[in-house]
Amino acid sequence: MRQSYEKELETLRQEILRMGGLVSQSIEDAVQSLAKQDEQLAKKVIAGDDAIDQMEVDIEDRCMVLIARQQPMARDLRIIGTGLKITTDLERMGDHAFDIAKVTVRLANQPLIKPLVDIPRMARMAQKMLTDSLEAYMKMDIALAEQVCLADNEVDDLYQQVFRELLTYMMEDPRTIGQATQLIFVGRYLERIADHATNIAEWVIYLVTGQRLRKK
Amino acid sequence: MSDKISINKLSLFYGDTQALKKVSFAVRKNSVMALIGPSGCGKSTCLRTINRMNDLIENVRIEGEVMLDGVDVYHPDTDVVMLRKRVGMVFQRPNPFPMSIYDNIAYGPRVHGVKDKTVLDGIVEKSLTGAALWDEVKDRLKQSAMGLSGGQQQRLCIARLLAVDPEVLLMDEPCSALDPISTMKIEELIAELKEKYTIVLVTHNMQQAARVSGETAFFLSGELVECGDTDTIFTRPQDKRTEDYITGRFG
(Lines give C-alpha, C1' and ligand atoms only; values in the text may rest on other atoms or scores of the structure.)
Protein backbone atom coordinates (compact mmCIF):
# COMPACT_ATOMS: atom_id res chain seq x y z
CA MET A 1 0.00 0.00 0.00
CA ARG A 2 2.80 2.42 0.89
CA GLN A 3 4.58 1.75 -2.39
CA SER A 4 1.67 2.90 -4.49
CA TYR A 5 1.28 5.86 -2.13
CA GLU A 6 4.87 6.89 -2.71
CA LYS A 7 4.34 6.52 -6.43
CA GLU A 8 1.30 8.79 -6.20
CA LEU A 9 3.27 11.42 -4.30
CA GLU A 10 6.00 11.28 -6.94
CA THR A 11 3.41 11.59 -9.71
CA LEU A 12 2.01 14.65 -7.95
CA ARG A 13 5.45 16.23 -7.94
CA GLN A 14 5.98 15.40 -11.60
CA GLU A 15 2.62 16.91 -12.53
CA ILE A 16 3.48 20.13 -10.71
CA LEU A 17 6.78 20.28 -12.56
CA ARG A 18 4.99 19.65 -15.84
CA MET A 19 2.55 22.45 -15.10
CA GLY A 20 5.52 24.65 -14.20
CA GLY A 21 7.05 23.87 -17.59
CA LEU A 22 3.86 24.88 -19.40
CA VAL A 23 3.59 28.13 -17.44
CA SER A 24 7.23 28.95 -18.05
CA GLN A 25 6.79 28.43 -21.79
CA SER A 26 3.65 30.54 -21.73
CA ILE A 27 5.45 33.46 -20.07
CA GLU A 28 8.31 33.22 -22.50
CA ASP A 29 5.97 33.18 -25.52
CA ALA A 30 3.92 36.08 -24.13
CA VAL A 31 6.95 38.32 -23.68
CA GLN A 32 8.35 37.30 -27.08
CA SER A 33 5.04 38.08 -28.72
CA LEU A 34 5.07 41.52 -27.14
CA ALA A 35 8.68 42.37 -28.04
CA LYS A 36 8.27 41.14 -31.62
CA GLN A 37 4.65 42.23 -31.94
CA ASP A 38 3.80 38.70 -32.98
CA GLU A 39 0.03 38.42 -32.75
CA GLN A 40 -0.04 34.76 -33.77
CA LEU A 41 2.22 33.80 -30.87
CA ALA A 42 0.10 35.89 -28.51
CA LYS A 43 -3.02 34.03 -29.61
CA LYS A 44 -1.28 30.74 -28.96
CA VAL A 45 -0.61 31.86 -25.36
CA ILE A 46 -4.24 32.97 -24.94
CA ALA A 47 -5.52 29.64 -26.27
CA GLY A 48 -3.12 27.70 -24.04
CA ASP A 49 -4.40 29.18 -20.78
CA ASP A 50 -7.30 26.74 -20.52
CA ALA A 51 -4.91 23.80 -20.45
CA ILE A 52 -3.01 25.39 -17.55
CA ASP A 53 -6.24 26.04 -15.65
CA GLN A 54 -7.26 22.43 -16.19
CA MET A 55 -3.93 21.23 -14.83
CA GLU A 56 -4.50 23.22 -11.67
CA VAL A 57 -7.87 21.52 -11.17
CA ASP A 58 -6.36 18.08 -11.82
CA ILE A 59 -3.53 18.66 -9.36
CA GLU A 60 -5.94 19.92 -6.71
CA ASP A 61 -8.11 16.83 -7.19
CA ARG A 62 -5.07 14.62 -6.92
CA CYS A 63 -4.15 16.29 -3.61
CA MET A 64 -7.67 15.97 -2.24
CA VAL A 65 -7.85 12.28 -3.08
CA LEU A 66 -4.45 11.65 -1.47
CA ILE A 67 -5.59 13.40 1.71
CA ALA A 68 -8.84 11.45 1.78
CA ARG A 69 -7.32 8.06 1.06
CA GLN A 70 -3.92 8.16 2.73
CA GLN A 71 -4.22 10.52 5.71
CA PRO A 72 -0.77 11.92 4.96
CA MET A 73 1.50 12.99 7.79
CA ALA A 74 4.70 14.99 8.24
CA ARG A 75 6.71 15.44 5.04
CA ASP A 76 4.07 13.66 2.94
CA LEU A 77 1.51 16.11 4.24
CA ARG A 78 3.82 18.99 3.42
CA ILE A 79 4.26 17.67 -0.15
CA ILE A 80 0.50 17.72 -0.60
CA GLY A 81 -0.11 21.01 1.22
CA THR A 82 2.61 22.78 -0.71
CA GLY A 83 1.36 21.10 -3.90
CA LEU A 84 -1.99 22.81 -3.42
CA LYS A 85 -0.32 26.17 -2.86
CA ILE A 86 2.24 25.90 -5.65
CA THR A 87 -0.36 24.93 -8.21
CA THR A 88 -2.28 28.10 -7.33
CA ASP A 89 0.85 30.22 -7.74
CA LEU A 90 1.53 28.60 -11.12
CA GLU A 91 -2.00 29.15 -12.30
CA ARG A 92 -1.79 32.86 -11.40
CA MET A 93 1.48 33.14 -13.30
CA GLY A 94 -0.26 31.56 -16.26
CA ASP A 95 -2.99 34.19 -15.97
CA HIS A 96 -0.38 36.94 -16.08
CA ALA A 97 1.18 35.43 -19.22
CA PHE A 98 -2.33 35.46 -20.66
CA ASP A 99 -2.67 39.14 -19.65
CA ILE A 100 0.61 40.04 -21.34
CA ALA A 101 -0.47 38.23 -24.52
CA LYS A 102 -3.68 40.29 -24.46
CA VAL A 103 -1.58 43.45 -24.42
CA THR A 104 0.28 42.19 -27.50
CA VAL A 105 -3.03 41.79 -29.29
CA ARG A 106 -4.15 45.26 -28.23
CA LEU A 107 -0.94 46.89 -29.43
CA ALA A 108 -0.74 44.76 -32.57
CA ASN A 109 -1.27 47.49 -35.17
CA GLN A 110 0.57 50.38 -33.59
CA PRO A 111 4.29 51.12 -33.57
CA LEU A 112 5.89 50.80 -30.13
CA ILE A 113 6.68 54.12 -28.47
CA LYS A 114 10.15 52.82 -27.68
CA PRO A 115 12.14 49.65 -28.20
CA LEU A 116 11.52 47.41 -25.21
CA VAL A 117 14.63 46.93 -23.09
CA ASP A 118 13.81 46.76 -19.41
CA ILE A 119 10.62 44.77 -19.85
CA PRO A 120 12.40 41.88 -21.58
CA ARG A 121 15.07 42.12 -18.88
CA MET A 122 12.45 41.88 -16.18
CA ALA A 123 10.90 39.00 -18.06
CA ARG A 124 14.20 37.13 -18.19
CA MET A 125 14.72 37.64 -14.47
CA ALA A 126 11.20 36.62 -13.54
CA GLN A 127 11.48 33.60 -15.76
CA LYS A 128 14.78 32.56 -14.30
CA MET A 129 13.21 32.86 -10.85
CA LEU A 130 10.45 30.53 -11.98
CA THR A 131 12.80 27.93 -13.49
CA ASP A 132 15.05 28.14 -10.43
CA SER A 133 12.13 27.71 -8.05
CA LEU A 134 10.97 24.69 -10.07
CA GLU A 135 14.47 23.26 -10.04
CA ALA A 136 14.67 23.86 -6.28
CA TYR A 137 11.35 22.02 -6.00
CA MET A 138 12.58 19.15 -8.12
CA LYS A 139 15.87 18.77 -6.24
CA MET A 140 14.56 19.91 -2.83
CA ASP A 141 17.38 22.44 -2.95
CA ILE A 142 17.01 25.00 -0.16
CA ALA A 143 20.05 27.07 -1.16
CA LEU A 144 18.63 27.61 -4.63
CA ALA A 145 15.21 28.44 -3.17
CA GLU A 146 16.82 31.10 -0.97
CA GLN A 147 18.51 32.62 -4.02
CA VAL A 148 15.12 32.96 -5.70
CA CYS A 149 13.76 34.84 -2.70
CA LEU A 150 16.68 37.28 -2.85
CA ALA A 151 16.32 37.84 -6.60
CA ASP A 152 12.80 39.18 -6.06
CA ASN A 153 14.18 42.51 -4.84
CA GLU A 154 15.96 43.10 -8.14
CA VAL A 155 12.76 42.55 -10.09
CA ASP A 156 10.93 44.97 -7.80
CA ASP A 157 13.63 47.60 -8.42
CA LEU A 158 13.44 47.06 -12.14
CA TYR A 159 9.69 47.48 -12.07
CA GLN A 160 10.07 50.84 -10.35
CA GLN A 161 12.50 51.83 -13.10
CA VAL A 162 10.10 50.75 -15.87
CA PHE A 163 7.30 52.63 -14.16
CA ARG A 164 9.27 55.87 -13.85
CA GLU A 165 10.54 55.70 -17.42
CA LEU A 166 7.08 55.19 -18.90
CA LEU A 167 5.75 57.97 -16.71
CA THR A 168 8.19 60.41 -18.30
CA TYR A 169 7.07 59.29 -21.77
CA MET A 170 3.49 60.00 -20.82
CA MET A 171 4.33 63.43 -19.41
CA GLU A 172 6.22 64.38 -22.52
CA ASP A 173 3.59 63.20 -24.96
CA PRO A 174 0.03 62.45 -23.90
CA ARG A 175 -0.53 60.42 -27.09
CA THR A 176 1.66 57.71 -25.57
CA ILE A 177 -0.57 57.35 -22.51
CA GLY A 178 -2.64 54.48 -23.91
CA GLN A 179 0.31 52.32 -24.85
CA ALA A 180 2.51 53.33 -21.93
CA THR A 181 -0.24 52.34 -19.51
CA GLN A 182 -0.46 48.95 -21.17
CA LEU A 183 3.31 48.56 -20.83
CA ILE A 184 3.18 49.56 -17.15
CA PHE A 185 0.62 46.81 -16.71
CA VAL A 186 3.04 44.39 -18.36
CA GLY A 187 5.72 45.48 -15.89
CA ARG A 188 3.29 44.90 -13.08
CA TYR A 189 2.37 41.42 -14.40
CA LEU A 190 6.04 40.48 -14.53
CA GLU A 191 6.59 41.80 -11.04
CA ARG A 192 3.68 39.62 -9.84
CA ILE A 193 5.11 36.61 -11.68
CA ALA A 194 8.35 37.11 -9.75
CA ASP A 195 6.35 37.29 -6.50
CA HIS A 196 4.68 33.97 -7.27
CA ALA A 197 8.06 32.42 -8.08
CA THR A 198 9.22 33.65 -4.66
CA ASN A 199 6.18 32.02 -3.07
CA ILE A 200 7.07 28.73 -4.71
CA ALA A 201 10.64 29.01 -3.42
CA GLU A 202 9.31 29.69 0.08
CA TRP A 203 7.08 26.62 -0.17
CA VAL A 204 10.11 24.56 -1.14
CA ILE A 205 11.87 25.72 2.03
CA TYR A 206 8.82 24.80 4.08
CA LEU A 207 8.50 21.47 2.32
CA VAL A 208 12.08 20.50 3.09
CA THR A 209 12.53 21.97 6.58
CA GLY A 210 9.03 22.32 8.00
CA GLN A 211 9.98 25.90 8.85
CA ARG A 212 8.43 29.06 7.46
CA LEU A 213 10.69 31.63 5.97
CA ARG A 214 9.86 34.84 7.78
CA LYS A 215 8.48 37.43 5.41
CA LYS A 216 10.53 40.58 5.42
CA MET B 1 -1.16 24.82 33.11
CA SER B 2 0.43 22.63 35.75
CA ASP B 3 1.71 19.10 35.26
CA LYS B 4 -0.72 16.50 36.54
CA ILE B 5 1.60 13.61 35.82
CA SER B 6 5.33 13.80 35.62
CA ILE B 7 7.37 10.75 34.67
CA ASN B 8 11.07 11.01 35.39
CA LYS B 9 13.74 8.63 34.11
CA LEU B 10 11.37 5.72 34.35
CA SER B 11 12.85 2.32 33.59
CA LEU B 12 10.91 -0.92 33.85
CA PHE B 13 12.20 -4.47 33.66
CA TYR B 14 10.23 -7.65 33.10
CA GLY B 15 12.80 -10.03 34.59
CA ASP B 16 15.91 -9.41 32.52
CA THR B 17 14.11 -7.63 29.71
CA GLN B 18 14.09 -3.85 29.87
CA ALA B 19 10.71 -2.64 28.60
CA LEU B 20 11.19 1.07 29.37
CA LYS B 21 14.47 2.92 29.15
CA LYS B 22 14.72 6.08 31.23
CA VAL B 23 11.52 7.57 29.92
CA SER B 24 10.69 11.15 30.95
CA PHE B 25 7.68 13.26 30.05
CA ALA B 26 4.91 15.24 31.68
CA VAL B 27 1.16 15.43 31.13
CA ARG B 28 -0.55 18.75 31.81
CA LYS B 29 -3.75 18.93 33.79
CA ASN B 30 -6.88 18.78 31.60
CA SER B 31 -5.05 17.68 28.51
CA VAL B 32 -4.99 14.57 26.35
CA MET B 33 -1.65 12.85 25.88
CA ALA B 34 -1.46 10.15 23.20
CA LEU B 35 1.18 7.44 23.44
CA ILE B 36 1.97 5.94 20.04
CA GLY B 37 4.47 3.45 18.68
CA PRO B 38 4.68 -0.03 17.17
CA SER B 39 3.72 -3.18 19.12
CA GLY B 40 6.11 -3.92 21.93
CA CYS B 41 7.48 -0.38 22.10
CA GLY B 42 6.51 0.03 25.75
CA LYS B 43 3.62 2.46 25.42
CA SER B 44 1.07 0.26 27.23
CA THR B 45 3.63 -0.69 29.85
CA CYS B 46 4.27 2.98 30.43
CA LEU B 47 0.54 3.68 30.70
CA ARG B 48 0.12 0.93 33.29
CA THR B 49 2.83 2.33 35.53
CA ILE B 50 0.68 5.39 36.18
CA ASN B 51 -1.87 3.51 38.28
CA ARG B 52 0.49 0.66 39.12
CA MET B 53 -1.29 -2.00 37.10
CA ASN B 54 2.13 -3.56 36.58
CA ASP B 55 2.17 -4.49 40.26
CA LEU B 56 -0.01 -7.43 39.31
CA ILE B 57 2.68 -8.89 37.07
CA GLU B 58 5.49 -10.93 38.61
CA ASN B 59 9.15 -10.07 38.27
CA VAL B 60 8.56 -6.43 37.45
CA ARG B 61 11.19 -4.00 38.64
CA ILE B 62 10.86 -0.25 38.35
CA GLU B 63 13.40 2.58 38.55
CA GLY B 64 12.67 6.29 38.36
CA GLU B 65 9.58 8.21 39.36
CA VAL B 66 5.95 8.49 38.36
CA MET B 67 4.68 11.64 40.02
CA LEU B 68 0.99 12.36 40.40
CA ASP B 69 0.46 15.92 41.64
CA GLY B 70 4.07 15.92 42.72
CA VAL B 71 3.90 12.71 44.77
CA ASP B 72 5.57 9.50 43.59
CA VAL B 73 2.95 6.79 43.11
CA TYR B 74 5.62 4.19 43.85
CA HIS B 75 6.26 5.64 47.30
CA PRO B 76 5.81 2.88 49.93
CA ASP B 77 3.05 4.89 51.64
CA THR B 78 0.86 4.96 48.51
CA ASP B 79 -2.57 3.43 49.01
CA VAL B 80 -2.93 1.54 45.72
CA VAL B 81 -6.73 1.27 46.01
CA MET B 82 -7.00 5.04 46.41
CA LEU B 83 -4.52 5.53 43.58
CA ARG B 84 -6.68 3.47 41.22
CA LYS B 85 -9.73 5.45 42.26
CA ARG B 86 -7.92 8.65 41.34
CA VAL B 87 -6.43 7.13 38.20
CA GLY B 88 -8.98 4.99 36.38
CA MET B 89 -8.39 2.78 33.39
CA VAL B 90 -10.29 1.76 30.27
CA PHE B 91 -9.13 -1.30 28.39
CA GLN B 92 -9.04 -2.48 24.81
CA ARG B 93 -12.07 -4.71 25.17
CA PRO B 94 -14.99 -3.38 27.14
CA ASN B 95 -15.28 -5.35 30.38
CA PRO B 96 -18.64 -4.65 31.98
CA PHE B 97 -19.53 -6.69 35.07
CA PRO B 98 -22.20 -9.34 34.42
CA MET B 99 -24.86 -7.34 36.22
CA SER B 100 -27.33 -4.57 35.42
CA ILE B 101 -26.30 -1.28 33.88
CA TYR B 102 -27.24 0.48 37.11
CA ASP B 103 -25.23 -1.89 39.28
CA ASN B 104 -22.19 -1.58 37.04
CA ILE B 105 -22.08 2.13 37.74
CA ALA B 106 -23.09 1.90 41.40
CA TYR B 107 -20.47 -0.78 42.09
CA GLY B 108 -17.58 1.57 42.69
CA PRO B 109 -19.39 4.10 44.87
CA ARG B 110 -20.84 1.20 46.94
CA VAL B 111 -17.35 -0.24 47.48
CA HIS B 112 -16.31 3.21 48.65
CA GLY B 113 -19.21 3.23 51.14
CA VAL B 114 -22.07 5.07 49.46
CA LYS B 115 -25.37 3.40 50.49
CA ASP B 116 -28.05 6.10 50.09
CA LYS B 117 -30.23 5.24 47.08
CA THR B 118 -30.95 8.84 46.09
CA VAL B 119 -27.24 9.60 46.12
CA LEU B 120 -26.51 6.47 44.09
CA ASP B 121 -29.26 7.35 41.59
CA GLY B 122 -27.68 10.76 41.18
CA ILE B 123 -24.21 9.30 40.63
CA VAL B 124 -25.54 6.80 38.08
CA GLU B 125 -27.30 9.47 36.05
CA LYS B 126 -24.40 11.89 36.23
CA SER B 127 -21.83 9.27 35.27
CA LEU B 128 -23.87 7.91 32.37
CA THR B 129 -24.52 11.45 31.18
CA GLY B 130 -20.81 12.23 31.45
CA ALA B 131 -20.04 9.19 29.30
CA ALA B 132 -22.67 10.23 26.71
CA LEU B 133 -24.68 7.08 27.35
CA TRP B 134 -27.60 8.25 29.52
CA ASP B 135 -30.09 8.94 26.74
CA GLU B 136 -29.50 5.52 25.23
CA VAL B 137 -29.94 3.50 28.46
CA LYS B 138 -32.06 5.56 30.86
CA ASP B 139 -35.12 3.38 30.22
CA ARG B 140 -33.34 0.10 30.79
CA LEU B 141 -31.05 0.67 33.74
CA LYS B 142 -32.09 -2.61 35.32
CA GLN B 143 -31.25 -4.66 32.26
CA SER B 144 -27.98 -6.53 31.96
CA ALA B 145 -25.02 -4.53 30.73
CA MET B 146 -24.04 -7.53 28.62
CA GLY B 147 -26.92 -6.71 26.25
CA LEU B 148 -25.35 -3.40 25.21
CA SER B 149 -23.42 -3.03 21.98
CA GLY B 150 -19.61 -2.98 22.13
CA GLY B 151 -19.47 0.79 21.82
CA GLN B 152 -22.11 1.25 24.51
CA GLN B 153 -20.27 -1.21 26.77
CA GLN B 154 -17.09 0.81 26.37
CA ARG B 155 -18.89 4.01 27.30
CA LEU B 156 -20.42 2.14 30.24
CA CYS B 157 -16.90 1.28 31.38
CA ILE B 158 -15.99 4.96 31.13
CA ALA B 159 -19.13 5.87 33.11
CA ARG B 160 -18.11 3.30 35.72
CA LEU B 161 -14.82 5.13 36.13
CA LEU B 162 -16.49 8.52 36.36
CA ALA B 163 -18.72 7.22 39.17
CA VAL B 164 -15.80 7.15 41.60
CA ASP B 165 -14.81 10.70 40.70
CA PRO B 166 -11.32 10.13 39.29
CA GLU B 167 -8.73 12.72 38.28
CA VAL B 168 -6.91 10.87 35.55
CA LEU B 169 -8.27 8.51 32.90
CA LEU B 170 -5.92 5.99 31.31
CA MET B 171 -7.17 4.52 28.07
CA ASP B 172 -5.44 1.54 26.52
CA GLU B 173 -6.58 1.38 22.90
CA PRO B 174 -10.17 2.05 23.92
CA CYS B 175 -11.51 1.91 20.35
CA SER B 176 -9.59 -0.99 18.88
CA ALA B 177 -12.56 -3.37 19.29
CA LEU B 178 -15.16 -0.84 18.15
CA ASP B 179 -16.78 0.03 14.84
CA PRO B 180 -16.14 3.47 13.29
CA ILE B 181 -19.32 5.11 14.64
CA SER B 182 -18.67 3.92 18.19
CA THR B 183 -15.07 5.01 17.79
CA MET B 184 -16.22 8.48 16.77
CA LYS B 185 -18.47 8.67 19.84
CA ILE B 186 -15.60 7.72 22.15
CA GLU B 187 -13.36 10.30 20.48
CA GLU B 188 -16.02 12.97 20.93
CA LEU B 189 -16.33 11.89 24.52
CA ILE B 190 -12.58 12.18 25.08
CA ALA B 191 -12.75 15.79 23.88
CA GLU B 192 -15.48 16.51 26.44
CA LEU B 193 -13.86 14.58 29.27
CA LYS B 194 -10.63 16.51 29.10
CA GLU B 195 -12.48 19.55 30.45
CA LYS B 196 -12.66 17.76 33.80
CA TYR B 197 -10.04 15.05 33.68
CA THR B 198 -6.51 14.46 32.52
CA ILE B 199 -6.36 11.74 29.89
CA VAL B 200 -3.54 9.48 28.74
CA LEU B 201 -4.43 7.45 25.67
CA VAL B 202 -2.57 4.57 24.08
CA THR B 203 -3.56 4.08 20.48
CA HIS B 204 -2.40 2.18 17.44
CA ASN B 205 -4.43 4.46 15.29
CA MET B 206 -2.30 7.46 14.42
CA GLN B 207 -5.21 9.35 12.96
CA GLN B 208 -6.94 8.95 16.29
CA ALA B 209 -3.93 10.34 18.12
CA ALA B 210 -3.87 13.22 15.64
CA ARG B 211 -7.59 13.88 16.12
CA VAL B 212 -7.97 13.75 19.87
CA SER B 213 -4.70 14.54 21.60
CA GLY B 214 -3.03 17.81 22.48
CA GLU B 215 0.34 16.20 22.86
CA THR B 216 1.83 13.01 21.49
CA ALA B 217 4.67 10.82 22.70
CA PHE B 218 6.31 8.39 20.30
CA PHE B 219 7.85 5.25 21.78
CA LEU B 220 10.23 2.83 20.11
CA SER B 221 11.90 -0.21 21.72
CA GLY B 222 11.25 1.10 25.22
CA GLU B 223 12.62 4.55 24.47
CA LEU B 224 10.70 7.79 24.29
CA VAL B 225 11.88 9.07 20.92
CA GLU B 226 9.93 12.28 20.74
CA CYS B 227 7.25 14.02 22.73
CA GLY B 228 5.57 17.30 21.91
CA ASP B 229 2.60 19.17 20.51
CA THR B 230 0.47 16.87 18.40
CA ASP B 231 0.36 19.56 15.70
CA THR B 232 4.13 19.57 15.51
CA ILE B 233 4.60 15.81 15.73
CA PHE B 234 2.26 15.19 12.81
CA THR B 235 3.39 18.02 10.55
CA ARG B 236 7.10 18.36 11.26
CA PRO B 237 8.50 15.72 13.59
CA GLN B 238 12.06 16.36 14.64
CA ASP B 239 13.29 12.77 14.70
CA LYS B 240 13.57 10.70 11.54
CA ARG B 241 12.26 7.60 13.37
CA THR B 242 9.09 9.48 14.27
CA GLU B 243 8.72 10.63 10.68
CA ASP B 244 9.18 7.09 9.37
CA TYR B 245 6.64 5.70 11.79
CA ILE B 246 3.87 8.23 11.30
CA THR B 247 4.23 8.22 7.52
CA GLY B 248 4.03 4.44 7.45
CA ARG B 249 7.57 3.85 6.22
CA PHE B 250 8.62 2.03 9.32
CA GLY B 251 11.07 -0.84 9.35
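Worth knowing before you read on, the calculation uses all heavy atoms, side chains too, and leaves out hydrogens, waters and symmetry mates. By convention in this document, chain letters (A, B, ...) are assigned in the order of the sequence lines, proteins followed by strands, and residues within each chain are numbered from 1.
Atom CG of Asp61(A) is surrounded by more than 12 heavy atoms from other residues, nucleotides or ligands within 6.0 Å. For CE of Met64(A), the number of neighbouring non-hydrogen atoms (other residues, nucleotides, ligands) closer than 6.0 Å is 12 at most. No more than 12 heavy atoms of other residues, nucleotides or ligands sit less than 6.0 Å from atom CZ of Arg92(A). The environment of Phe185(A) atom CZ is sparse: at most 12 non-hydrogen atoms of other residues, nucleotides or ligands sit within 6.0 angstrom. More than 12 heavy atoms of other residues, nucleotides or ligands sit less than 6.0 Å from atom CG of Leu56(B).
Atom CZ of Arg236(B) sits about 14.5 Å away from atom CE of Met73(A), to the nearest 0.5 Å.
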Stepwise side chain to side chain contact (heavy atoms under 4.5 Å, CB included) check, Glu6(A) with Thr247(B)
CA-CA 10 Å; Glu6(A) 290 208 28; Thr247(B) 57; over 6 Å; no
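If you measure heavy-atom distances from Arg75(A) to chain B, the contacts under 4.5 Å come from both the backbone and the side chain. Contact of Leu9(A) with chain B is made through the side chain alone, with heavy-atom distances under 4.5 Å.
Side-chain contact check for Gln71(A) versus Ile246(B): every heavy-atom pair is 4.5 Å or farther apart.
With Arg78(A) contributing its side chain and Thr235(B) its backbone, the two residues share a donor-acceptor pair below 3.5 Å.
Annotation for Ala74(A) and Glu243(B): closest pair CB-OE2, 3.4 Å, computed over non-hydrogen atoms.
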